[in-house]
Structure formats: structure tokens, C-alpha cells
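Sequence positions, counted from 1, serve as the residue numbers for this chain. Bear in mind the structure is a predicted one, so any value in this text is a computation, not a measurement.
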Amino acid sequence: MDYTQVLLRPVVSEKANEAKEESGHVAFFVHPKANKVEVKKAVETVFGVKVMTVNMVNRKPLSKSRFGRSVGKISGYKKAYVK
């Protein structure tokens, strides 16, 4: 998989900013089929830095319900925390 397909976009949230300030982790939304090795290579080629660790978080899609009925879904995603 090409590195342009692995990294989708950076995560912009309070939790991601706090992780960046405290421990130096940067969070990215990544392709659902990407693994740690592919994420490491993509970050190193794009930003020209040495990656120490990669931690992955996979959230499954959830069904959204209202009054006991299913009215939609919350899409799943895969995140990578890179140090």
C-alpha cells in the first residue's frame, strides 16, 4: 500500500493535543487495513523523522438508536498514535 493511502488525516481533538504535549504522540486516522509497519514507513517518508513507537486503536461501527429503534449508524475508524 502506498504511503499516500495509509495516512488519511491528522486527528484534531483535545485528547490528541494533550497526548502531543505530554508524551509527544501524534495521532492520525489511517486506512482500516493498514498495519504498524506501513504506518511507520509512511510517517518516516512524509515527515522525514525517526518513528519510535506506533500504537493502533480500532473502533468498530455502532448502530445509533432512538426510542428502541435503529435509526442509523456511527462509522468506525482506525487511529494510529505515533511517537
Side-chain angles (χ1 to χ4, degrees):
M1 190 179 309
D2 190 26
Y3 71 89
T4 57
Q5 297 173 347
V6 174
L7 300 176
L8 300 179
R9 63 184 184 274
V11 178
V12 181
S13 66
E14 290 183 24
K15 184 177 179 180
N17 287 337
E18 187 176 309
K20 184 177 181 181
E21 291 173 0
E22 290 181 1
S23 60
H25 285 88
V26 181
F28 294 99
F29 286 112
V30 296
H31 192 274
K33 293 187 179 180
N35 58 23
K36 290 183 180 185
V37 176
E38 292 174 340
V39 171
K40 181 179 179 179
K41 287 180 183 176
V43 171
E44 287 179 347
T45 56
V46 171
F47 297 105
V49 295
K50 178 83 171 124
V51 174
M52 294 170 54
T53 60
V54 177
N55 296 328
M56 305 287 276
V57 176
N58 195 12
R59 178 170 176 205
K60 297 185 179 183
L62 301 172
S63 62
K64 193 173 185 180
S65 62
R66 181 176 293 168
F67 304 113
R69 294 186 156 224
S70 180
V71 294
K73 72 170 198 160
I74 300 170
S75 62
Y77 55 83
K78 192 171 203 179
K79 268 194 303 193
Y81 287 95
V82 180
K83 184 171 183 173

Gap separating the CD atom of Q5 from the CD atom of E38, nearest 0.5 angstrom = 10.0 Å
Within 45° cone of Y77 ring axis and under 6.0 Å: R59 NZ or CZ | no
Between NZ on residue K40 and CE on residue M52, distance to nearest 0.5 Å | 10.5 Å
Run through the side-chain heavy atoms of Ile, Leu, Val, Met, Phe, Trp and Tyr, join any pair under 4.5 Å, and report what else lands in V12's cluster.
-> none
Is the shortest heavy-atom distance from the side chain of H25 to the side chain of T53 under 4.5 Å?
-> yes
Other than V43, which residues form its hydrophobic cluster under the rule that side-chain heavy atoms must be closer than 4.5 Å?
-> M1, Y3, V6, L7, V26, F28, V30, V39, V46, F47, V49, V51, V54, M56, V82
Does atom NZ of K78 have more than 12 heavy-atom neighbours, drawn from other residues, nucleotides or ligands, at distances under 6.0 Å?
-> yes
Those residues at least two apart in sequence (or on a different chain) that pass side chain to side chain contact (heavy atoms under 4.5 Å, CB included) with K60 are none
Begin with the C-alpha distance, continue with both residues' side-chain angles, and end with the deciding distance and a verdict on side-chain hydrogen bond (donor to acceptor under 3.5 Å, both in side chains) for K79 and Y81.
-> CA-CA 7 Å; K79 268 194 303 193; Y81 287 95; 3.2 Å; yes
